[in-house]
Structure formats: structure tokens, C-alpha cells
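These notes are about the structure you will find just below.
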Amino acid sequence: MSERNPPIEFAFPDLRKWEKGAAPYIHVFESGMAGPTVMVAALTHGNEVSGAVVVDALLERGLRPRRGTLILSFNNIEAYHSFDPRTPFKSRMIDEDFNRTWGRLDQPATTVETRRAQVVRPFVERADFLLDLHSMHDDGVPLMLAGPLDKGVALARKVGAPVDIIRDAGHAAGMRMRDYGAFGDPGSPKNALLIETGQHWRASSVTVAKDVTARFLLETGAVEPADLPGDWKQPSPAQQRVVEVTHAIATKRGNFASARRFEGQEIIAKAGTILGHDDDEPVTTPYDNCVLVMPSSNRPLRPGVTVVRLGRLV
Ligand SMILES: [Zn+2]
């Protein structure tokens with residue numbers, strides 16, 4: 001696979017100073033006042049650095065909750081520390097995807113990521129509200145992954161940014177942290193969101209991560225506006241929209257040829273529009289006004305990798 005690596009537009013923070021916490025690279029701050037436990041997690045994927053910039057900045061600032069408890073975490077810190085600028089996508093993980101392990105944490109931990117997930121798990125279980133900070137391989141438009149339930153969409157609307165709220169069922173390859181336990185229970189008030197801030201190393205991804213984190217911390221009542229840097233929260237979009245994912249298109253043998261270059265969340269008006277060919281088989285839109293969610297069709301992909309998710313505006 002040949003691919004030119006995108007530029008890295010900001011400095012990666014030195015996180016070793018945050019090793020000592022309630023657990024390694026996990027910090028818990030209690031206000032002593034009644035209120036929810038609110039968790040902000042970075043580096044669930046080790047090379048998604050915009051979130052790490054934000055959590056590092058909150059720790060550096062000495063942010064403390066006004067009520068309830070605040071948990072700040074760097075999840076796959078070992079992958080982050082394995083970063084090599086010559087292979088910048090490799091530090092996403094060490095042995096496996098940390099964010100696909102959450103359905104099998106009752107099994108013996110045999111990988112870096114399952115061992116780390118065991119350490120992170122009690123904090124995730126304690127959290128009433130979780131924000132998981134991610135970014136994208138491709139240079140796409142930011143989106144909030146709200147999960148499959150109404151309550152996720154409702155919280156994403158309260159947060160108020162970004163424009164695109166994606167309602168999706170997660171991955172067949174394994175449960176995500178944002179869907180774990182009570183977060184996946186429609187009867188529980190616990191709630192989680194996953195933000196994709198844009199391309200991993202774009203300066204704009206840091207802007208989105210700061211904006212969404214500020215909004216989340218304010219919405220949950222953990223902090224007051226004056227507690228956060230004045231330039232984090234951005235103007236609200238006029239309107240958000242909700243896209244329900246109906247299909248995930250994967251390339252069978254890694255031979256997907258895109259009909260053209262696709263941006264994030266563009267709408268294809270007509271059913272039957274050819275998006276590209278996989279092993280010479282046409283891939284078409286199944287209905288009118290089909291939204292292309294987080295396309296990765298503009299680059300070579302390994303067999304089995306998702307090319308694009310298809311969704312409807314709801
Ligand atoms: Zn990610």
C-alpha cells in the first residue's frame with residue numbers, strides 16, 4: 001500500500017508527566033459536591049492526538065469539577081508512545097484495536113489493549129457521562145457517533161456541535177467503549193458520545209476537540225464557562241442533522257475503485273448511483289438522498305475494511 005502521509009500540523013504533547021494518577025495515565029478529581037461522574041477519554045486510538053492535546057491542556061490547567069467527579073484518561077498510552085513519524089498510522093494500536101475489546105473483557109487479557117482495557121474499565125463503569133475523543137484517518141468532516149439509542153442522539157443535540165450526529169450500531173468486529181455496559185442500556189440514564197474531530201493531525205481537529213469537550217463539560221454541569229479557556233467553545237452551528245447508518249460497505253479483497261473523490265457526509269440524490277466498483281462489482285446507493293458517512297474510498301484499503309457507511313437523514 002502506498003500512500004503519502006498527511007502533514008502533522010501541531011506538536012504532540014509529552015504525556016509522561018501524567019503517568020501517576022488513580023491508575024497510570026488516569027486522573028480522578030472529586031469536587032466533594034453531589035453531581036455526576038464525567039469522563040473525558042483521549043487516545044482510545046494511540047495516533048488520534050487532538051484528544052490528547054485537549055486532555056493534556058485540562059490537566060495542565062488544573063481543571064477541577066464544580067460538582068460530582070471528573071475523570072481524565074489517556075487510554076492507549078502505550079500505542080501513543082510507539083509513534084514513529086515515518087509510519088504515523090501504525091501507532092493506532094499495539095496488538096489490537098482497544099475500541100473493539102469491550103465485549104470480551106471477562107476473558108483473560110492477552111494483549112496490550114485488553115490489559116489496558118481492564119485497567120480503564122472501572123473508571124468507565126463509574127462514569128455517568130463519557131466523551132471519547134477520536135479523529136480520522138481521512139481528511140473528513142467532523143461527526144459525533146451517538147450510538148444506536150435515542151439517548152445518545154439526545155445528548156449529542158444538547159452538546160450542540162458538530163453538525164453531523166451519526167446514529168449507528170457500532171462494529172461487528174467488537175464492542176466499542178462508548179457502547180459498553182449501561183451506555184448501551186436504553187433504560188439507564190448513563191450516556192456516552194464519541195467525537196471524530198477530523199483528520200488526526202490537522203490543527204482544525206484540535207479546535208473541534210476543544211469545542212466539543214468544552215460543550216460536553218458544560219452540558220454535564222461538571223464545570224462553569226469561566227473554568228475553561230475562553231477560546232475553546234466555538235459558535236454553534238445553525239442546525240445539527242441526524243444520520244441513521246443503514247449499511248456498512250466493506251471491500252472484499254481490497255480492490256475498491258471509487259467512482260470519484262468523496263467528502264464526508266455528502267448526500268447522493270438518486271438511488272442506484274454508482275459509488276465505485278469492488279472487484280468490478282458496482283456498488284450503488286440503495287435509496288434516494290443517501291448520506292456517505294466517513295468515506296475512506298479515496299485511498300487503498302486492506303481486504304475487509306469499511307469503504308463507506310450509508311445512512312439516511314432522520
Ligand atoms: Zn478512533
Side-chain angles (χ1 to χ4, degrees), residues 5-6 8 10 12-13 15 25 39-56 72-83 87-103 111-114 116-117 120 124 130-147 152 156 162 164-166 168-180 183 192-202 204-210 212-213 216 245 248 250 264-265 293-296 299 301-302 304-309:
N5 290 325
I8 296 175
F10 56 86
F12 287 13
L15 301 179
Y25 296 95
M39 179 170 180
V40 178
L43 298 178
T44 287
H45 294 128
N47 65 347
E48 300 181 359
V49 187
S50 64
V53 171
V54 163
V55 172
D56 175 61
L72 299 174
S73 156
F74 301 102
N75 283 348
N76 201 339
I77 188 71
E78 202 166 326
Y80 178 72
H81 284 146
S82 76
F83 181 79
T87 53
F89 291 106
K90 238 188 126 196
S91 58
R92 177 178 171 83
M93 63 185 81
I94 301 284
D95 295 326
E96 64 171 320
D97 189 332
F98 178 90
N99 212 28
R100 305 289 179 270
T101 63
W102 290 79
T111 63
V112 165
E113 279 77 14
T114 46
R116 181 61 178 162
V120 176
V124 172
L130 167 71
L131 177 65
D132 193 16
L133 297 164
H134 288 247
S135 53
M136 301 159 163
H137 188 123
D138 300 284
D139 213 355
V141 179
L143 56 88
M144 189 75 91
L145 289 177
D164 287 325
I165 300 169
I166 310 298
D168 77 324
H171 291 271
M175 186 187 282
R176 302 174 296 196
M177 185 174 70
R178 62 129 291 118
D179 300 313
Y180 177 72
F183 299 136
L193 292 173
L194 188 164
I195 179 73
E196 299 277 4
T197 58
Q199 208 284 333
H200 299 322
W201 311 303
R202 284 264 184 222
S204 60
S205 288
V206 175
T207 304
V208 171
K210 287 176 174 174
V212 170
T213 300
F216 175 80
V245 172
Q265 288 86 262
V293 177
M294 232 181 0
S296 47
R299 60 180 158 104
L301 296 171
R302 293 184 312 279
V305 168
T306 301
V307 175
V308 64
R309 296 150 194 84

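Both ligands and their constituent atoms are indexed starting at 1 by order of listing. FYI, the numbering just counts along the sequence from 1. The basis for the numbers below is simple: all heavy atoms, side chains too, and nothing from hydrogens, waters or symmetry mates.
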Item checked: Steps toward side chain to side chain donor-acceptor pair (under 3.5 Å) verdict (Gln199, Asp138) -> CA-CA 6 Å; Gln199 208 284 333; Asp138 300 284; over 6 Å; no

Notebook entry, point to check: For the residue pair Trp102 and Phe98, does the interplanar ring angle fall in the parallel (under 30°), tilted (30 to 60°) or perpendicular (over 60°) class?
Noted result: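 It falls in the perpendicular class, over 60°.
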
Next item on the list: Compute the ring centroids of Phe12 and Phe83, then answer whether they are less than 6.0 Å apart.
Entry: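 Yes, they do, as the ring centres are separated by less than 6.0 Å.
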
Next item on the list: Quick one: list whatever passes salt bridge (Lys or Arg N to Asp or Glu O under 4.0 Å) with Arg92, sequence neighbours left out.
Entry: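 Partners of Arg92 by the salt bridge (Lys or Arg N to Asp or Glu O under 4.0 Å) criterion, ordered by chain and then number, come out as Glu48, Asp97.
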
Notebook entry, point to check: Does Asp95 have any salt bridge (Lys or Arg N to Asp or Glu O under 4.0 Å) partners at least two apart in sequence or in another chain, and if so, which?
Noted result: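 Checked Asp95 against salt bridge (Lys or Arg N to Asp or Glu O under 4.0 Å); zero matches.
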
Checklist line | Those residues that, when tested against Arg116, pass side-chain hydrogen bond (donor to acceptor under 3.5 Å, both in side chains) (two or more places apart) | finding: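 Here no residue qualifies.
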
Notebook entry, point to check: How many N, O or S atoms of the protein are nearer than 2.8 Å to the Zn ion (ligand 1)?
Noted result: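 Protein N, O or S neighbours of the Zn ion (ligand 1) under 2.8 Å, waters not counted, come to 4.
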
